**Student:** 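Sharing a structure here in structure tokens format.
Residue numbering restarts at 1 for every chain, and letters A, B, ... go by the order of the sequence lines. All values below come from the heavy atoms of this structure, side chains included, with hydrogens, waters and symmetry mates left out. Remember, it's a predicted structure, so these values are computed and weren't measured experimentally.
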Protein chains: 2
Amino acid sequence: MSVAHTILGVLMDAPAHGYAIKKQLAGAPTAGEGPLNDGQLYPALARMEREGWITKEVVEQRRSPSKHLYRLTDAGRGEFFDWLAGDRSRAPHPWKFDFLQRCAFLRHLDPGRVELQLAAEIERVSECLTGLERFAGEVAARDPDLYREMLVDYGIRIQRLRRDWLEELQGRVTRSTLPVAAARNA
Amino acid sequence: MSVAHTILGVLMDAPAHGYAIKKQLAGAPTAGEGPLNDGQLYPALARMEREGWITKEVVEQRRSPSKHLYRLTDAGRGEFFDWLAGDRSRAPHPWKFDFLQRCAFLRHLDPGRVELQLAAEIERVSECLTGLERFAGEVAARDPDLYREMLVDYGIRIQRLRRDWLEELQGRVTRSTLPVAAARNA
DNA sequence: ATGGGCATGTAAGCGGTTACATGATTAT
DNA sequence: ATAATCATGTAACCGCTTACATGCCCAT
């Protein structure tokens, strides 16, 4: 349930109703996420309430339909952290890069755990990259098709970009935590 | 029907049975395409036969199950070229980059049309990029969250990578066709 | 004998998109 | 008048993944 966890992440900041959640997610079109559909949002909220992750409070309004204000429960908060800190080392599809979805909420996780996740992601991406680089040699030798050759090249570039980006993020996170330790030791 | 068009692309080279198509696609894990599932492949072949895009010939084998050999029909070839050369300028989701799926089969298209498609893709990506760059400024000013900032940065890097890669491909395609014109004029 | 490769499929369920359905308020 | 914004949902369909189901051949 991927949409559900994104919604939990939004509700971590404050209770909200469906339409507000939609607007908030539409305002950050960064990780290739288009605006959330009604047909996905409202059923997800209903399911999450059934699961006990959120509670609904109907707020009557003078004008136009009532707002349904959703709040996180303790179970919902637990689910959110399980998802955010969970181990993906054995996850399939190394090219999917789920990390981006969690990245938007990593501020809720302590830097130590973030560093663990970053190290794991970097290793996954690096493995994928070496595989592709080996494959690129074979393709170039066997296949005279410019387009297929460039397709493999695209894959390699993407993986390199991910690795470099992850390493930069890693550097920034450690740099923002180390000074604290240094200050403590001073 | 996206899987169907990939299958049509494979059948453009030679008739094949399901298992062979699967193996061929699994051997090129470039554009983020994992191996094709049985649960997707076989129903797709059945649908395509119903659509009249392919015909089935059962090839009995002494050992183990019969192969079902599929051949493109004229309608199937037509559908393939419509898909490959079709106009995506008004397509939604500029971050989806469907171009990669077609890229694997662009050798079947004449270079003139390829150049048109490349120019259109470059414009789409560039537009998306300028939008993100404007957005990045706003985020940096408003939001003190390192992770959200880096998320926008990731989006920008991806779009830049796509633009650069498309332009390199464009250069290679024009360089491979221009010499022909030059030779003609000589 | 165990597992992997060859070869075909079906079924259940999740995720996502599009379209349908309603209705008030507010801005142009 | 018309469109956009606010606000909630449902229904149909498509795509994809996972697991189920079968069975032979070959190598270790």
Side-chain angles (χ1 to χ4, degrees), chain A residues 1-8 10 15-27 29 31-51 54 56-70 83 90-96 98 101, chain B residues 1-8 10 15-27 29 31-51 54 56-70 83 90-96 98 101:
Chain A
M1 259 211 224
S2 186
V3 180
H5 291 107
T6 300
I7 295 173
L8 289 178
V10 172
H17 62 282
Y19 191 80
I21 293 169
K22 195 183 162 187
K23 263 203 315 179
Q24 197 170 326
L25 291 174
E33 313 275 330
L36 202 53
N37 292 312
D38 293 353
Q40 220 182 325
L41 173 63
Y42 292 109
L45 286 169
R47 251 179 289 139
M48 289 163 74
E49 202 196 347
R50 274 202 304 277
E51 292 276 343
I54 54 178
K56 175 159 77 170
E57 180 198 342
V58 177
V59 180
E60 305 264 343
Q61 291 189 128
R62 242 161 291 143
R63 43 211 191 180
S64 84
S66 303
K67 287 180 182 176
H68 296 183
L69 200 68
Y70 292 98
W83 168 74
R90 296 177 309 143
H93 322 311
W95 20 267
K96 272 258 171 118
D98 297 337
Q101 199 197 344
Chain B
M1 260 208 227
S2 184
V3 180
H5 292 106
T6 300
I7 294 172
L8 289 177
V10 172
H17 62 283
Y19 191 81
I21 293 170
K22 194 184 161 183
K23 263 204 313 179
Q24 198 170 326
L25 291 176
E33 313 275 329
L36 203 52
N37 292 311
D38 295 353
Q40 221 182 324
L41 173 63
Y42 292 109
L45 286 169
R47 250 178 290 138
M48 290 162 73
E49 201 195 348
R50 275 203 305 275
E51 292 276 342
I54 55 179
K56 174 159 79 172
E57 181 199 340
V58 177
V59 181
E60 305 263 346
Q61 291 189 128
R62 243 159 291 144
R63 44 203 185 186
S64 81
S66 304
K67 286 180 183 177
H68 296 184
L69 200 68
Y70 291 99
W83 168 75
R90 294 177 311 140
H93 322 310
W95 20 268
K96 272 260 171 114
D98 297 339
Q101 200 198 343

**Student:** B:L36 has an atom CG; how far is it from atom C1' of C:dC6, in whole Å?
**Tutor:** 17 Å
**Student:** Considering only heavy atoms from C-beta outward, does the side chain of B:I7 approach that of B:L41 to under 4.5 Å?
**Tutor:** yes
**Student:** Does any N or O in the side chain of B:Q101 come within less than 3.5 Å of the main-chain N or O of B:S2, such that one atom is a donor and the other an acceptor?
**Tutor:** yes
**Student:** Please identify each residue that fulfils side chain to side chain contact (heavy atoms under 4.5 Å, CB included) with A:P15, with sequence neighbours left out.
**Tutor:** A:L69, A:R71
**Student:** Distance check needed: C:dG15 P versus A:Q101 CD, whole Å only.
**Tutor:** 11 Å
**Student:** With sequence neighbours left out, write down each residue that passes side chain to side chain donor-acceptor pair (under 3.5 Å) with B:K22, or none if nothing qualifies.
**Tutor:** B:D38
**Student:** Does B:R47 have a side-chain nitrogen or oxygen under 4.0 Å from the phosphate oxygens OP1 or OP2 of D:dG15?
**Tutor:** yes
**Student:** Measure CD/B:E57 against P/C:dT8 and give the value in whole Å, please.
**Tutor:** 13 Å
**Student:** Could you check if a side-chain atom of A:Y70 sits within less than 4.5 angstrom of a side-chain atom of A:L45, using non-hydrogen atoms only?
**Tutor:** yes
**Student:** Does A:D98 have any salt bridge (charged side-chain N to carboxylate O under 4.0 Å, His left out) partners at least two apart in sequence or in another chain, and if so, which?
**Tutor:** none
**Student:** From NE2 of A:H5 over to C1' of C:dG16, roughly how many Å is that when rounded to an integer?
**Tutor:** 17 Å
**Student:** Test your reading of the model: is there a side-chain donor-acceptor pair from B:E57 to the backbone of B:H68, 3.5 Å cut-off?
**Tutor:** no
**Student:** Rounded to the nearest 0.5 Å, what's the gap from CG on B:N37 to OH on B:Y42? Could you check?
**Tutor:** 11.5 Å
**Student:** Please tell me if B:N37 has a side-chain N or O lying less than 4.0 Å from either OP1 or OP2 of D:dT17.
**Tutor:** yes
**Student:** Report, as a single string ordered 5' to 3', how protein heavy atoms within less than 4.0 Å touch nucleotides 6-12 of chain D: B base, S sugar-phosphate only, - not at all.
**Tutor:** BBBBBB-
**Student:** Provide, to the nearest angstrom, the distance between the CG atom belonging to A:L41 and the P atom belonging to C:dT17.
**Tutor:** 12 Å
**Student:** Roughly what angle, to 10°, lies between the helix axis at the start of the helix from C:dA1-D:dT28 to C:dT28-D:dA1 and the one at its end, five pairs per end?
**Tutor:** 30°
